[in-house]
Amino acid sequence: MARSVWKGPFVDGYLLKKAEKSRASGRNEIIKIWSRRSTILPQFVGLTFGVYNGQKFVPVNVSEDMIGHKFGEFSPTRTFHSHSGDKRAVRAKPAAA
Amino acid sequence: MARIAGVNIPTQKRVVIALQYIHGIGPKFAQDICTKVGIPDKRRVHELTDAEVLQIREAIDRDFVVEGDLRREVAMNIKRLMDLGCYRGLRHRRSLPVRGQRTHTNARTRKGKAKPIAGKKKTS
């Protein structure tokens with residue numbers, strides 16, 4: 001279920017402070033955060049965050065389109081495995097059988 | 001023959017039903033249009049006067065996004081997610097279920113027909 005509008009977007013408070021500080025310092029360095037649950041706010045646009053995915057900090061360059069999404073959406077926690085040789089395997093099978 | 005919103009030519013049927021042949025108009029919107037234009041439930045498409053057809057056409061043009069425009073809008077929304085690099089976008093790119101369904105089994109609508117695994121023996 002979607003979050004009630006009257007509550008406003010959820011953000012961990014310390015992110016605002018962190019973002020402000022990095023804005024003030026002017027250097028464009030990665031802000032490491034663990035708060036994957038926080039909504040991306042308009043004041044984060046242009047900053048680069050390192051969003052923790054349980055193993056490392058995935059750099060996320062926040063653009064205007066990302067507003068309203070959560071940080072966690074941009075830092076996948078699972079590695080995707082696929083069968084890369086699927087097509088070859090399918091072709092090889094009749095020959096082997 | 002009634003042409004409403006592009007290529008749709010449903011005839012012989014009741015107006016409420018026929019309007020649903022348009023992509024983007026379902027039971028609810030069809031009913032809405034009919035009440036707005038003032039067409040009784042039982043009226044069939046071929047019994048409509050030209051003026052009524054025109055009114056329906058106007059009502060759809062004014063209030064609804066249908067057919068090509070709607071498809072384009074949906075495709076644009078999906079493209080936005082994919083370009084953004086967010087989780088939902090990644091799922092769309094891999095054509096896997098987007099809303100957290102299981103993929104161990106099922107999910108055949110998104111994944112397509114099951115592919116055979118190489119080297120797996122059939123149990124007889």
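Just so you know, these numbers use all the heavy atoms, side chains as well, and skip hydrogens, waters and symmetry mates. Protein chains get the first letters and strands the later ones, always in sequence-line order, with residue 1 at the start of each. It should be emphasised that the depicted structure is a prediction, and the values quoted were computed from it without experimental measurement.
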Would you kindly confirm whether A/Val51 and A/Leu16 end up in one hydrophobic cluster when ILVMFWY residues are joined by side chain heavy atoms under 4.5 Å apart? yes
Under 4.5 Å from any heavy atom of chain B - which part of A/Ser63: side chain
Who in residues 86-98 of chain B is close to chain A, using a strict under-4.5 Å heavy-atom cut-off? B/Cys86, B/Tyr87, B/Leu90, B/Arg94, B/Leu96
Heavy-atom neighbours of B/Lys111 NZ exceed 12 at 6.0 Å: yes
Interface residues of residues 72-84 of chain B facing chain A - non-hydrogen atoms under 4.5 Å apart: B/Arg80, B/Leu81, B/Leu84
Please check if B/Phe64 and B/Leu54 belong to a single hydrophobic cluster, counting links between Ile, Leu, Val, Met, Phe, Trp and Tyr side chain heavy atoms closer than 4.5 Å. no
Side-chain heavy atoms under 4.5 angstrom apart, residues restricted to Ile, Leu, Val, Met, Phe, Trp, Tyr: same cluster for B/Val53 and B/Ile33? yes
Atom NZ of A/Lys32 with >12 non-hydrogen neighbours under 6.0 angstrom: no
Does CZ belonging to A/Arg78 count more than 12 external heavy atoms closer than 6.0 Å? no
Starting from A/Phe71, can I reach A/Tyr14 by hopping between I/L/V/M/F/W/Y residues whose side chains sit under 4.5 Å apart? yes
Is it the case that over 12 heavy atoms from other parts of the model lie below 6.0 angstrom from the CD atom of A/Glu20? no
Under a 4.5 Å side-chain heavy-atom rule over Ile, Leu, Val, Met, Phe, Trp and Tyr, are B/Ile39 and B/Phe29 clustered together? yes
